Amino acid sequence: MTEETKEYIANYNLRYSEIKKDNLASLFEKFNTLYPMFNRLYNDALREEAVSDQKLKGFGDYKRATFFVRDYVGAENIIDSLTKDKRIKSVVEIADLINKKVFHINLQDGQGQEKTDKELATNLLSEDAEIKSKAILSLVYNVRCNIVHGHKDFQEYQRLLMEPIIGILRTIINTLENRLK
């Protein structure tokens with residue numbers, strides 16, 4: 001990990017620690033403080049791996065945040081870290097919320113993609129670490145896209161997604177950070 005990235009992560013960790021409120025806006029702020037750390041770390045990992053520019057062509061941010069992170073950290077390591085941090089229950093709870101259509105994670109032009117969401121929920125519950133870890137990373141990435149690109153209103157039921165996804169993302173960041181050390 002570069003010195004610049006260490007400083008970047010320290011600054012964002014400080015920013016995160018200063019979010020004291022537990023209201024819905026603060027939960028979104030926590031997520032929006034964590035995600036840039038995740039982004040910075042996986043891009044640093046790409047540089048560390050010395051992935052050639054040629055190989056990166058067509059390797060968009062979604063693939064970096066999902067397939068690359070899974071392969072770089074290791075699917076089993078992601079699942080083990082989430083299990084150790086007691087976050088697997090959160091994954092199951094989110095899959096249940098998706099199956100009950102409380103949340104649409106995969107959107108196209110603002111419309112929920114029921115078939116894709118059902119597949120995501122199934123994959124979140126998979127016993128195969130490769131499938132499950134990629135689904136978890138996809139969940140995090142798509143929640144980020146929905147927050148950044150979607151309609152911005154706060155509804156109390158969103159807490160059901162935001163609280164567990166923040167814990168999941170925190171664990172993934174720690175796991176990725178430990179891999180980079």
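FYI, side chains are in, hydrogens and waters are out, and symmetry mates aren't considered; it's all heavy atoms of this structure. For the single chain, residues carry numbers from 1 onward in sequence order. Everything numeric in this text was worked out from a predicted model, so none of it was measured.
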ask   = In Å and rounded to the nearest 0.5 Å, what is the NZ to CG distance from Lys118 to Leu120?
value = 11.5 Å
request  = List the steps, then state whether side chain to side chain contact (heavy atoms under 4.5 Å, CB included) holds for Met162 with Ile147.
outcome  = CA-CA 11 Å; Met162 294 309 296; Ile147 290 171; 3.8 Å; yes
message = Ring centres under 6.0 Å, that's the criterion: do Phe28 and Phe154 meet it?
response = yes
message = Between Arg144 and Leu169, does the side chain to side chain contact (heavy atoms under 4.5 Å, CB included) criterion hold? Intermediate values first, please.
response = CA-CA 11 Å; Arg144 177 252 172 216; Leu169 181 54; over 6 Å; no
key: Pair Arg40, Thr5: side-chain N/O donor-acceptor within cut-off below 3.5 Å   = yes
task = Would you mind checking if Arg47 and Asp44 are paired as a salt bridge, meaning a charged N to carboxylate O distance below 4.0 Å?
result = yes
inquiry  = Which heavy atom of Ile136 sits nearest to which heavy atom of Val91, and what is that distance?
reply    = CD1-CG2, 3.9 Å
task = May I ask whether Ile98 and Tyr157 are part of the same hydrophobic cluster, defined by side-chain heavy atoms of I, L, V, M, F, W, Y residues being less than 4.5 angstrom apart, directly or through others?
result = yes
query = Just checking, any donor-acceptor pair under 3.5 angstrom between side chains of Thr2 and Tyr8?
reply = no
ask   = Are side-chain heavy atoms of Val102 and Leu161 found at a separation under 4.5 Å?
value = no
ask   = Taking 4.0 angstrom as the limit, do Lys134 and Asp128 come out as a salt bridge?
value = no
ask   = With a 4.5 Å limit on heavy-atom distance, are the side chains of Ile165 and Arg87 in contact?
value = no
query = Between atom CD1 of Ile79 and atom CD of Glu76, what is the distance when rounded to the nearest 0.5 Å?
reply = 7.5 Å
request  = Supply the atom-to-atom distance Glu48 CD to Asn43 CG, rounded to the nearest 0.5 angstrom.
outcome  = 13.0 Å
Quiz item: cation-pi between Arg179 and Tyr72, 6.0 Å / 45° = yes
request  = Heavy atoms only: give me the nearest Ala121-Asn99 pair and the separation to one decimal.
outcome  = CB-OD1, 3.4 Å
remark   = residues 23-38 vs side chain to side chain donor-acceptor pair (under 3.5 Å), sequence neighbours excluded, gives Asn23-Ser26
inquiry  = Counting neighbours of CD on Glu127 that are heavy atoms of other residues, nucleotides or ligands and sit closer than 6.0 Å, is the number greater than 12?
reply    = no
task = Establish whether Val143 and Tyr62 are linked, either directly or via other cluster members, by ILVMFWY side-chain heavy-atom contacts under 4.5 Å.
result = yes
ask   = Pro164 and Arg159: which non-hydrogen atoms are nearest, and at how many Å?
value = CD-O, 3.8 Å
Test: Asp96 and Lys100 ion pair at under 4.0 Å = yes
ask   = Roughly how far, to the nearest 0.5 Å, is the OG1 atom of Thr175 from the CZ atom of Arg170?
value = 11.0 Å
request  = Measure the spacing between CD1 of Ile88 and CD1 of Ile168 and express it to the nearest 0.5 Å.
outcome  = 8.0 Å
message = If I take atom CD1 from residue Ile131 and atom CG from residue Asn123, how far apart are they, to the nearest 0.5 angstrom?
response = 6.0 Å
inquiry  = Check for me whether the distance between the ring centres of Tyr12 and Tyr16 falls short of 6.0 Å.
reply    = no
ask   = Is Glu18 paired with Arg15 through a side-chain N to carboxylate O contact shorter than 4.0 Å?
value = no
inquiry  = Could you report the tightest heavy-atom contact between Ala129 and Ala75, atom names first, then the distance?
reply    = O-CB, 3.4 Å
Short side-chain donor-acceptor distance under 3.5 Å, Asn142 and Asn146 = no
Heavy atoms of other groups near Glu156 CD, more than 12 under 6.0 Å = yes
inquiry  = Can you give me the closest heavy-atom contact between Ala45 and Leu180, atom names plus distance?
reply    = CA-CD2, 3.7 Å
inquiry  = Could you check whether any side-chain N or O of Thr171 sits under 3.5 Å from a backbone N or O of Gly167, counting only pairs where one atom can act as donor and the other as acceptor?
reply    = yes
request  = Could you tell me whether the side chain of Glu177 reaches within less than 4.5 Å of the side chain of Asn174, counting heavy atoms only?
outcome  = yes
request  = Without swapping roles, check the side chain of Gln158 against the backbone of Gln155 for a donor-acceptor pair under 3.5 Å.
outcome  = yes
ask   = With a 4.5 Å heavy-atom cut-off, do Ile172 and Val73 have their side chains touching?
value = no
key: Heavy-atom check, side chain of Leu46 versus side chain of Arg64, under 4.5 Å   = yes
task = Given side chain to side chain contact (heavy atoms under 4.5 Å, CB included), test Leu160 with Phe103 step by step and report yes or no.
result = CA-CA 10 Å; Leu160 296 171; Phe103 294 104; 4.1 Å; yes
